[in-house]
Amino acid sequence: MAAHNFLPNLLLLSLLATLLAIAFGSDVPFKPSVMNPFPCNESIRTCTALLYHINQSLSEDQIASFYSVNSSQIKPIFHGDQKDYMITVDCSCKDVNGSRGYFYDTTYKVEPNDTFVDVSAKIYSGQAWKVEGEEKKFIAGEVFPIHLICGCVETDTQIVVTYTVQQEDTLPSIAMLLSANISGIESMNKMLAENPGYIDVGWVLYVPMEINGTPPPKAREY
């Protein structure tokens, strides 16, 4: 019975969040988000993965600092007229406060009035894994560990992109943007199982990017 109620409840939550944002003028995107750690394949402990960073006026130097990477690991990608970035990271299977999956770890120095949710949304595109009690530990001046979700696959022809759904995205547009197959996106994300094709802003998806690009559709034979 609970499984049948999941989607209506999720739709109601998304609608409520939108109405609250309109009412109170919230400028923080990607709240609330729907995300799950990518399950570990015990035969793959580490891999190279990609994090899709939705840029909100950060410089490349700032992005490199926040993600603890060097400039060679940051590549621009255009989402319409918007210049975003793909960040190459080392993704590892581990336990994060009771949640097992693939993560990439960085750190963030907390500023006055910061909250974990706001920092995740504004700097890490809503991809930071939240664990119980983090808001109480998010203290100004402290260096705080940030666990970003990522994914690994066995094949050498794909690399997993952690992607946060943006306004006007559809599964076909995400697949085209990231050189992926729609069926591959659906199979990697269990929240799509209830209603294939339905996505909402703020959902964090795993996208199996084809490293050599997706092949063109085969011509019909007559």
Side-chain angles (χ1 to χ4, degrees), residues 6-7 10 14 29-55 67 69 73-75 77 79 84-97 99-106 120-121 123-131 146-214:
F6 172 77
L7 185 61
L10 186 58
S14 298
F30 321 128
K31 293 197 303 185
S33 63
V34 176
M35 60 197 295
N36 297 287
F38 195 100
C40 288
N41 179 335
E42 297 303 327
S43 66
I44 306 174
R45 304 299 300 175
T46 62
C47 72
T48 299
L50 293 170
L51 305 177
Y52 190 105
H53 172 78
I54 300 172
N55 195 28
Y67 283 85
V69 298
Q73 294 171 255
I74 303 173
K75 302 296 182 185
I77 182 171
H79 186 280
D84 295 330
Y85 292 92
M86 299 273 270
I87 303 170
T88 303
V89 298
D90 294 325
C91 185
S92 301
C93 173
K94 62 183 67 177
D95 291 299
V96 176
N97 292 66
S99 298
R100 186 166 181 79
Y102 288 106
F103 296 91
Y104 168 71
D105 294 342
T106 184
S120 176
I123 296 177
Y124 301 106
S125 303
Q127 297 170 8
W129 184 246
K130 190 176 187 302
V131 297
I146 299 291
H147 309 285
L148 302 171
I149 60 173
C150 52
C152 294
V153 288
E154 292 185 274
T155 176
D156 293 332
T157 63
Q158 294 178 336
I159 185 170
V160 178
V161 183
T162 304
Y163 181 81
T164 306
V165 178
Q166 305 183 58
Q167 289 285 354
E168 300 182 8
D169 275 346
T170 63
L171 280 184
S173 71
I174 293 171
M176 182 175 294
L177 174 69
L178 299 177
S179 299
N181 294 306
I182 294 174
S183 59
I185 300 174
E186 290 176 335
S187 66
M188 275 194 177
N189 299 276
K190 64 182 183 181
M191 72 270 279
L192 300 179
E194 280 287 328
N195 189 11
Y198 175 81
I199 56 175
D200 200 3
V201 174
W203 284 18
V204 181
L205 304 178
Y206 300 106
V207 179
M209 173 184 279
E210 299 292 337
I211 294 174
N212 298 318
T214 54

Quick one: side-chain contact (heavy atoms from CB on, under 4.5 Å) partners of Thr106, sequence neighbours excluded? Ser68, Tyr104, Tyr124, Ile146, Leu148
Interatomic distance, NZ@Lys75 vs CD@Gln73, rounded to 0.5 Å, equals 10.0 Å
Please assess Asp200 against Val34 for the test side chain to side chain contact (heavy atoms under 4.5 Å, CB included), listing each intermediate value before the final yes or no. CA-CA 9 Å; Asp200 200 3; Val34 176; over 6 Å; no
Do Tyr67 and His53 get their side chains close enough for a donor-acceptor pair, meaning under 3.5 Å? yes
Within a strict 4.5 Å, meaning less than it, do heavy atoms of the Cys93 and Thr46 side chains meet? no
Stepwise, does the side chain to side chain contact (heavy atoms under 4.5 Å, CB included) test hold for Met86 with Leu178? CA-CA 10 Å; Met86 299 273 270; Leu178 299 177; 4.0 Å; yes
For the residue pair Glu154 and Ser43, what are the closest heavy atoms and their distance? OE2-OG, 4.1 Å
With rounding to the nearest 0.5 Å, note down the distance linking CD1 in Ile149 to CD in Gln127. 6.5 Å
Under the side-chain contact (heavy atoms from CB on, under 4.5 Å) rule, collect the residues that match up with Ser173, sequence neighbours excluded. Asp169, Thr170
If you measure only the distance, is there a donor-acceptor pair under 3.5 Å linking the side chains of Tyr52 and Asp84? yes
Is a side-chain N or O of Glu210 found less than 3.5 angstrom from the main chain of Ser179, in a donor-acceptor match? no
Flag the pair Ile199 / Met191 as yes when at least one side-chain heavy-atom distance between them is below 4.5 Å, and no otherwise. no
Rounded to the nearest 0.5 Å, how far does OG of Ser99 lie from NZ of Lys130? 12.0 Å
SG (Cys150) and CD1 (Ile159) are apart, to the nearest 0.5 Å, by 10.5 Å
Can you name the closest pair of heavy atoms from Arg45 and Arg100 and give their distance? NH1-NH2, 3.3 Å
Closest non-hydrogen atom pair between Trp129 and Pro37, with its separation: CH2-CD, 3.4 Å
If we only count heavy atoms from C-beta on, is the Ile77 to Tyr85 side-chain gap below 4.5 Å? no
Any idea which heavy atoms bring Ala175 and Ile182 closest together, and the distance? CB-CG1, 3.9 Å
Counting only heavy atoms not in Glu168 (residues, nucleotides, ligands), do more than 12 fall under 6.0 Å from its CD? no
Can you see which heavy atom on Leu205 is nearest to which on Asn189, and at what distance? CA-OD1, 3.3 Å
Are any non-hydrogen side-chain atoms of Trp203 and Thr164 less than 4.5 angstrom apart? no
For Val207, is there any backbone N or O sitting under 3.5 Å from a side-chain donor or acceptor partner on Tyr163? no
Evaluate the side-chain proximity of Cys152 to Phe38: yes if any heavy-atom separation is below 4.5 Å, no if none is. no
Under 3.5 Å, is there a donor-acceptor pair between the side chain of Thr155 and the main chain of Thr157? yes
Can you confirm whether Thr162 sits close enough to Val204 that some side-chain heavy atom of one is under 4.5 Å from a side-chain heavy atom of the other? yes
State whether cysteine residues Cys91 and Cys47 meet the disulfide criterion of an SG-SG distance below 2.5 Å. no
Could you check whether any side-chain heavy atom of Leu50 comes within less than 4.5 Å of a side-chain heavy atom of Thr88, counting everything from C-beta outward? yes
Would you indicate whether the side-chain heavy atoms of Pro208 and Asn181 approach each other to under 4.5 Å? no
